[in-house]
Amino acid sequence: MKFIDRAEINVHAGRGGNGCMSFRREKYIPKGGPDGGNGGRGGNVYIKATDRLQTLEDFTYKTQFKAQSGEEGRRANQSGKDGEDLIIEVPCGTIVWDAETGEPLGDLVEPGDTLLVALGGRGGRGNATFATSTNQAPRFSEKGETGQSRHLILELKILADVGIVGLPNVGKSSLLACLSSARPKIGSYPFTTLNPNLGVLQLGEKRITLADIPGLIDGASENKGLGLLFLRHIERTKLILYVIDLSSNSIEDLNKQWNVLQKEIINYNPEILKKPSMLIANKTDLVNDSSFLEQVAQWAKKIEQEVCFTSAITRQGIDKLSSLLLQNLSNLDSVGRQRLYPLKHAVRGRILRPSEIEIEPLGEGKFRVVNQYLEEMASRYDFSQDEAIIRFSKIIARLGVEESLAKMGAKDGDTVYIGELEFEYKPDIK
């Protein structure tokens, strides 16, 4: 299974069903009234967190998601069935972004967290709805509303109790293998870890999830090396293990390793440095003089870090490290699971006021009327119905569209667009 932590998808809510234009026709009832039913609502699109998934790999194969449309209304005042909602499952720890605006829509942390990302279109009203005392036989019904569509970015920031970080080839993967049953790829060259590896340390009834993060280099915050593949995954961890390599037998080298780690984290998100942490001085089997370990202990005090000496080869310090992890995490159960962004459910767009009509010239003899209310009406009117044309003409006249077009220089016969509707401009001659 590939570890994919970023994906882009397009979601489309269902279209509302069309309203029905029908008249009651029964024996011995020669003047039956209108009985066209309303169309059903289109299905909504939700994104839901589940602990059954660990990666966004599925979204590399499928990127288009569409909910079911509502059914059309029927005669005898029968409303159409609503379209089924579509639920897209993602791993816990997934952040949903609006790709067009860059706005975070929500952070799905716990299993069952659900975000409404696209609203289904409203069903069109049947002609029975429009019957009044003055118009008892309306020959008019509405088309269903188009469902919302959105281009989304899914970003997974893994949920782990402990993040193991350090420069390439310091032994992070080997430590993970010693502490848990994980079997990450291990080699004696930089960037063995190209994706985060997860392991579980079982201590009695306590389960500790550990994440071995891809190696960090100088400039990672500027996306050098594996860059953000490292940094984005330590934001949620409760505890950070900073792993340094003792094989140089040089305090100067250790200080250099430490400064690189601190610098890149500060450049990415300084809040990460506030997390509880431990220093793991690894590869003690390559230390030439035991007095060097005393120097390392003194250096750790200066940088205010609790230090644990380990060797993945000899397993020195592994049991002690396990005990320290259990001890340090015992009081951190409520840390590291905060929602990074609140859930912002999809809402219907604001309908512009009639006074906010704009006229855009599109070239010689062509104009576009920009008004959300008129555009919605144009999309929902069936202009094969004569009454729809009459109704829409009255709306245009009431809102002063003709006067606005005349002020922009529109002439008889010019082409006017309202949404996808195209018609010929015919000014009233008074």
Side-chain angles (χ1 to χ4, degrees), residues 160-176 178-179 188-193 196 210-313 316-318 320-321 324-325 328 332 336:
D161 299 308
V162 179
I164 306 174
V165 301
L167 302 186
N169 210 34
V170 298
K172 303 184 305 299
S173 298
S174 298
L175 280 175
L176 178 67
C178 287
L179 289 167
S188 59
Y189 50 90
F191 299 123
T192 299
T193 304
L210 305 103
D212 164 25
I213 308 298
L216 180 63
I217 67 169
D218 194 3
S221 60
E222 300 171 3
N223 217 21
K224 294 180 181 178
L226 296 177
L228 301 178
L229 285 176
F230 160 80
L231 291 165
R232 71 165 66 122
H233 290 296
I234 61 175
E235 289 187 279
R236 295 191 191 276
T237 56
K238 300 178 182 180
L239 177 70
I240 298 178
L241 298 186
Y242 294 108
V243 183
I244 57 173
D245 182 355
L246 298 180
S247 61
S248 66
N249 289 268
S250 166
I251 294 297
E252 182 180 352
D253 179 71
L254 301 187
N255 208 49
K256 181 179 179 180
Q257 294 181 52
W258 177 253
N259 287 338
V260 169
L261 294 174
Q262 297 291 288
K263 170 191 169 186
E264 297 308 319
I265 291 175
I266 288 174
N267 288 344
Y268 177 71
N269 182 358
E271 291 297 312
I272 294 175
L273 293 183
K274 297 179 182 179
K275 290 180 176 290
S277 62
M278 288 177 56
L279 183 69
I280 309 303
N282 197 32
K283 301 187 181 181
T284 56
D285 56 294
L286 298 179
V287 173
N288 299 327
D289 186 349
S290 59
S291 64
F292 178 64
L293 299 182
E294 296 178 6
Q295 297 178 44
V296 174
Q298 293 299 316
W299 172 74
K301 286 184 179 180
K302 290 182 180 179
I303 62 173
E304 300 180 343
Q305 286 292 313
E306 178 183 11
V307 65
C308 181
F309 294 95
T310 62
S311 168
I313 301 298
Q316 177 189 346
I318 297 300
K320 180 181 178 181
L321 176 57
L324 287 173
L325 289 176
N328 288 336
L332 296 176

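Here the structure is a predicted model, which means the values were calculated and not measured. All heavy atoms count here, side chains included; hydrogens, waters and symmetry mates do not.
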Give, for atom [atom1] of [X] and atom [atom2] of [Y], the distance between the pair rounded to the nearest 0.5 Å.
| X | Y | atom1 | atom2 | value |
| --- | --- | --- | --- | --- |
| L286 | I313 | CG | CD1 | 8.0 Å |
| I244 | L254 | CD1 | CG | 4.5 Å |
| L175 | L241 | CG | CG | 8.5 Å |
| K256 | N259 | NZ | CG | 10.5 Å |
| M278 | L325 | CE | CG | 6.0 Å |

Just so I know, are the side chains of [X] and [Y] near enough to count as touching, which here means a heavy-atom distance under 4.5 Å?
| X | Y | result |
| --- | --- | --- |
| I251 | V296 | yes |
| T310 | V243 | no |
| I234 | Y268 | no |
| L261 | L167 | yes |

> Which residues satisfy the ring pair (Phe, Tyr, Trp, His ring centres under 6.0 Å) test with F309, sequence neighbours excluded?
Replying inline: none
With distance as the sole test, does [X] use its side chain to make a donor-acceptor pair with the main-chain N or O of [Y] at under 3.5 Å?
| X | Y | value |
| --- | --- | --- |
| N249 | S247 | yes |
| K238 | P276 | no |
| K320 | C308 | no |
| Q257 | D245 | yes |

On a heavy-atom basis, which atom in [X] and which in [Y] lie closest, and how many Å separate them?
| X | Y | result |
| --- | --- | --- |
| S311 | D285 | OG-OD1, 2.8 Å |
| K283 | N169 | NZ-O, 2.9 Å |
| C178 | I318 | CB-CD1, 4.0 Å |
| L246 | F292 | O-CE2, 4.0 Å |
| T284 | Q316 | OG1-OE1, 2.8 Å |

>> The criterion is side-chain contact (heavy atoms from CB on, under 4.5 Å); which residues satisfy it with E271, sequence neighbours excluded?
In response: N269, K274
>> Checking D289 now: which residues fulfil side chain to side chain donor-acceptor pair (under 3.5 Å) with it, not counting sequence neighbours?
In response: S291
>> Among residues at least two apart in sequence or on other chains, which ones pass side chain to side chain donor-acceptor pair (under 3.5 Å) with S250?
In response: none
Listed pairs under 3.5 Å, donor-acceptor, residues 298-305 side chains, sequence neighbours left out:
residue	atom	partner	partner atom	Å
W299	NE1	N255	OD1	3.0
Q305	OE1	S277	OG	3.1
Q305	NE2	S277	OG	3.0

> Just one of V307, I265, I280 clears the side chain to side chain contact (heavy atoms under 4.5 Å, CB included) bar with Y242, so which one?
Replying inline: I265
> Given I272, which of I240, T237, V165, I266 fulfils the side chain to side chain contact (heavy atoms under 4.5 Å, CB included) condition?
Replying inline: I240
